[in-house]
Amino acid sequence: MQIEYPDYYNKFHCLAGDCPDTCCRDWEVDVDDDTFYYYKVQEGELGAKLGHCLREEGELKYIPMKEDGFCPFLTKEKLCELCCRLGEEGMCQVCQEYPRYYMGIGHYEQVDLSLSCMEVGRLLFTGAGPVRYEKSEDEEEPWETLSGEEQEKLEKLLKLRDAMVASLQNEDRKKEPCICILPGEEEDGMLLKILPELEILDARSGRILREIGENYDKIRESEPEFRKCYGDLLEKLFTRFAVYLVFRYTLDSYYEGNLDAEKRLWKRSLRLMLLMCVNEERQTGSFGVGTMIQLAHRFSRQIEHSDENMEKMKQEWSTEKVTEECVSGNKAGESVV
């Protein structure tokens, strides 16, 4: 099995109680079958608490959050009680793996880290130079057996993804047209239609997205000055965000047949993040790397962790004007790759 991952992947370590936020908030915890039955046989005080907190609805097994939005096993020190008392192996699969993300086709596995974790955001947005991707081999069984034609299709898609990443990072602009890292307002009509229909997973993130619709006209008025003031910083931060999106989601198109849905996701995600940044600067009077880390955290918690919301971000709406992807060059008021 060939495994590929970003160069900051092995630098990641969970900050646990030192994290500025916590992943043990607002999301119910899906519990895999093996861990569920392991929890069911625990005894004593912990066993009683697990018995009270565990839920089973058909095939779904989970731990719901408390009324205050926090996991019932999150301690006052912001540590996992289950991990502290049972060891890391006592955590369910989703908690052990988070914020890692795995996507495999044939003998190839893509491993990534989610921006919903603020430490991942720090590693991504404070990095110097282009994002590189590293490869390793292991002896794990392949995800599936591919025919020669399917293997060729996969290799072409990986080559295309790598060319787009290179283009975004200014390494080979002329070879492969790519996406606008700071899209204009052409996606705004769709975004304003999508935002009210999103599933709200995180109340804090939901509030930020609601403000985009409520303050849209004022945000647009502030956008030109914002771009002018923070142009160089935006170029760096949004390039790295675009690379994150392209690396993570290009492989989805292997099963979808083309990249159209992914292009819509990339454009709308970049545009939504830009509007969020402008709105934040309007409210606080400042913008920086820390702001980008915080807003990417909110974006990811709300969008990337909901299949329903991801589908809406990818959807080709009937009223949408289909546009050609951005090509290399410069447009007034935009940073383009």
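Just so we're clear, the structure is a prediction, and the values are computed from it rather than from any experiment.
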Q) Passes salt bridge (Lys or Arg N to Asp or Glu O under 4.0 Å), Lys218 versus Glu221? Steps please. A) CA-CA 5 Å; Lys218 294 179 180 179; Glu221 289 176 5; over 6 Å; no

Q: Please tell me if the side chains of Leu182 and Leu270 come closer than 4.5 Å, counting only heavy atoms from C-beta onward.
A: no

Q) Below 4.0 angstrom, N of the basic side chain to O of the carboxylate: do Glu211 and Arg207 qualify? A) yes

Q | Side chain proximity check, Phe247 to Met164, heavy atoms < 4.5 angstrom | A | no

(Q) Looking at Lys49 and Glu81, is any side-chain nitrogen of the basic one under 4.0 Å from a carboxylate oxygen of the acidic one? (A) yes

Q) Could you walk me through whether Ser306 and Glu199 pass the side-chain hydrogen bond (donor to acceptor under 3.5 Å, both in side chains) check? A) CA-CA 8 Å; Ser306 166; Glu199 174 190 14; 2.8 Å; yes

Q) Is a side-chain N or O of Arg85 found less than 3.5 angstrom from the main chain of Leu82, in a donor-acceptor match? A) no

Q: Report the distance from atom SG of Cys84 to atom CG of Leu46, rounding to the nearest 0.5 Å.
A: 11.0 Å

**Q.** Pair Lys314 + Glu311, salt bridge at N-O below 4.0 Å
**A.** no

Q: Please lay out, stage by stage, how Tyr249 and Glu304 fare under the test side-chain hydrogen bond (donor to acceptor under 3.5 Å, both in side chains).
A: CA-CA 11 Å; Tyr249 294 111; Glu304 293 189 291; 2.4 Å; yes

Q: Answer with yes or no whether the side chains of Gln151 and Glu155 bring together a donor and an acceptor at under 3.5 Å.
A: yes

**Q.** Polar side chain donor-acceptor pair, Arg240 to Tyr244, under 3.5 angstrom
**A.** no

Q) Do Gln110 and Arg161 get their side chains close enough for a donor-acceptor pair, meaning under 3.5 Å? A) yes

Q | Any side-chain donor near an acceptor of the partner, Glu77 and Thr75, under 3.5 Å | A | yes

Q) Does a donor on one side chain and an acceptor on the other come within less than 3.5 Å for Tyr9 and Glu134? A) no

(Q) Side chains of Tyr108 and Ile3, heavy atoms from C-beta outward: is any pair under 4.5 Å? (A) no

Q) Should the ring pair Tyr230 and Phe226 be called parallel, tilted or perpendicular, given that the plane angle runs from 0 to 90° and is split at 30 and 60? A) tilted

Q. Does any N or O in the side chain of Ser300 come within less than 3.5 Å of the main-chain N or O of Ala296, such that one atom is a donor and the other an acceptor?
A. no

Q | Result of checking Arg264, Lys267, Arg268, Arg271 against Glu187 for side-chain hydrogen bond (donor to acceptor under 3.5 Å, both in side chains) | A | Arg268

Q.
Using 30° and 60° as the class boundaries, would you call the ring planes of Phe299 and Phe241 parallel, tilted or perpendicular?
A. perpendicular

Q: Flag yes if Ile293 and Leu15 sit in one hydrophobic cluster, no otherwise; membership is Ile, Leu, Val, Met, Phe, Trp, Tyr, and two members link when side-chain heavy atoms are under 4.5 Å apart.
A: no

Q. Which pair of non-hydrogen atoms, one from Cys117 and one from Tyr98, has the smallest distance, and what is that distance?
A. N-OH, 3.2 Å

Q.
Looking at Glu119 and Arg122, is there a salt bridge between them, counting it only when a charged N and a carboxylate O are closer than 4.0 Å?
A. yes

Q. Below 4.5 Å, heavy atoms only, C-beta onward: do Glu280 and Leu295 meet side chain to side chain?
A. yes

Q) Would you call Arg298 and Asp21 a salt bridge, taking side-chain N to carboxylate O under 4.0 Å as the test? A) yes

Q: May I ask you to check whether over 12 heavy atoms, not counting those of Glu45, lie within 6.0 Å of atom CD?
A: no

Q) Does a side chain donor of either Glu57 or Tyr62 reach within less than 3.5 Å of an acceptor in the other side chain? A) yes

Q: Run the salt-bridge test on Asp26 and Arg204 with the 4.0 Å N-O cut-off and return the result as yes or no.
A: yes

Q | Charged N-O contact under 4.0 Å between Asp30 and Lys61 | A | no

Q) Any link between Phe36 and Val29 through a network of hydrophobic side chains (Ile, Leu, Val, Met, Phe, Trp, Tyr) touching at under 4.5 Å? A) yes

**Q.** Check: Ser116/His305 side-chain N/O donor and acceptor closer than 3.5 Å
**A.** yes

Q.
For Glu149, is the CD atom crowded, meaning more than 12 foreign heavy atoms sit under 6.0 Å from it?
A. no

Q) Do Asp7 and Tyr133 have side-chain atoms, one donor and one acceptor, less than 3.5 Å apart? A) no

